[in-house]
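All values below were derived from every heavy atom in this structure, side-chain atoms included, with hydrogens, water molecules and symmetry-related copies excluded.
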Amino acid sequence: MTVLAALLLAAAVLAWPSGRWVVVRRQARSQPPVRAGRARSAGGAAPAQVLLQVIEAVGAQVRAGAPPALAWDAAVEVVEGAAGHLPRGPAEPVADALRRAAPRDRVVLAVAAAWSLAEDVGAPLADVLDQLAVGLRSDADVDGEIEASLAGPRATARLLAALPVAGIAIGELIGAHPVQVLVATPVGQVCAAGGVTFGVLGQVWSRQLVAATARLL
């Protein structure tokens, strides 16, 4: 029964969907990559999609004549999910507050750099933020396509991990009693141990292949 328990546990671990695979994007673009979906940005900042909504709202308000700092505060207050994650208040420049709030978040730092650029060289802030939003959304769309393309190999790996257990279950249903062979006979125990070992190695290998492919995209 120990061998059977080990088989079931290994199959459950191998077939269990892993967390989101981190996609390492090319660094050829000037804008930092954004992970698509609802994943939070690094450093506890607001989700990337929320931050994009904020900068788009700021651009619209600045075009309407609102001061940039007030437009930022209003956008953070209005956009759902932004309050509590993005800095507010006129006591500190927006770019400095962003860098202090999320010093390791590449998306937040990109917004801070765009804000500083507009202030330093006198470029229209709304245009700068709009161009930044276009680039970030384009990167997010590409990341979504990459995640979708990698979903098939991941699902195949999980299916292959579950097939041996399914085969044992079918064998029991038709009366072949493979569990008894795996548990009670030396040859069966060797086969069970070898199957679990090769199954684990196969899953590790397939996940490394997917990760290596993601790094190339």
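Looking at S138, its side chain never comes within 3.5 Å of a backbone N or O of V134 through a donor-acceptor pair.
Taking the side chain to side chain donor-acceptor pair (under 3.5 Å) definition, one finds that E119 meets it with W115, sequence neighbours left out. In this structure, the side chain to side chain contact (heavy atoms under 4.5 Å, CB included) partners of E172, at least two apart in sequence or on a different chain, are H177, P178, V179. Qualifying side chain to side chain contact (heavy atoms under 4.5 Å, CB included) partners for A123, counting only residues two or more places apart in sequence or in other chains: V121, V128. Taking the side chain to side chain contact (heavy atoms under 4.5 Å, CB included) definition, one finds that L209 meets it with W205, sequence neighbours left out.
When all heavy atoms of S149 and P153 are compared, the pair lying nearest together is O-CD, 3.5 Å. Heavy-atom minimum distance, A110 versus L132: O-CD2, 3.8 Å. Pairing each heavy atom of C191 with each of L182, the nearest pair is CB-CD2, 4.5 Å. Across A157 and Q203, no two heavy atoms sit closer than the pair O-NE2, 2.6 Å. Residues P164 and L160 approach most closely at CD-O, 3.2 Å, considering heavy atoms.
Within the structure, ring pair (Phe, Tyr, Trp, His ring centres under 6.0 Å) pairs that include any residue of residues 130-154 do not occur (at least two apart or interchain). Here ring pair (Phe, Tyr, Trp, His ring centres under 6.0 Å) pairs that include residues 149-168, with residues two or more places apart or in two chains, number zero. Sorted pairs that involve residues 134-175 and meet ring pair (Phe, Tyr, Trp, His ring centres under 6.0 Å), not counting sequence neighbours, are lacking altogether.
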Going by atom type alone, with no hydrogens or angles, which donor-acceptor pairs under 3.5 Å involve a side-chain atom of residues 50-71 and a protein atom two or more places apart or on another chain?
| from | atom 1 | to | atom 2 | distance (Å) |
| --- | --- | --- | --- | --- |
| E56 | OE1 | R137 | NH2 | 3.2 |
| E56 | OE2 | R137 | NE | 2.8 |
| R63 | NH1 | D130 | OD2 | 2.4 |
| R63 | NH2 | D127 | OD1 | 2.7 |
| R63 | NH2 | D130 | OD2 | 2.6 |

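Under the 3.5 Å distance criterion, with hydrogens and angles disregarded, no donor-acceptor pair is assigned to the side chains of S206 and R158.
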Are R154 and E147 close enough, and set up right, to give a side chain to side chain contact (heavy atoms under 4.5 Å, CB included), and what steps lead you there?
-> CA-CA 10 Å; R154 296 171 193 159; E147 286 292 321; 3.3 Å; yes
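Residues L109 and L98 fail the side-chain proximity criterion, which asks for heavy atoms closer than 4.5 Å.
In this structure, Q49 CD and L136 CG are separated by 9.5 Å, a value rounded to the nearest 0.5 Å.
In the hydrophobic clustering (ILVMFWY side chains linked at under 4.5 Å, chained through shared members), V181 stands by itself.
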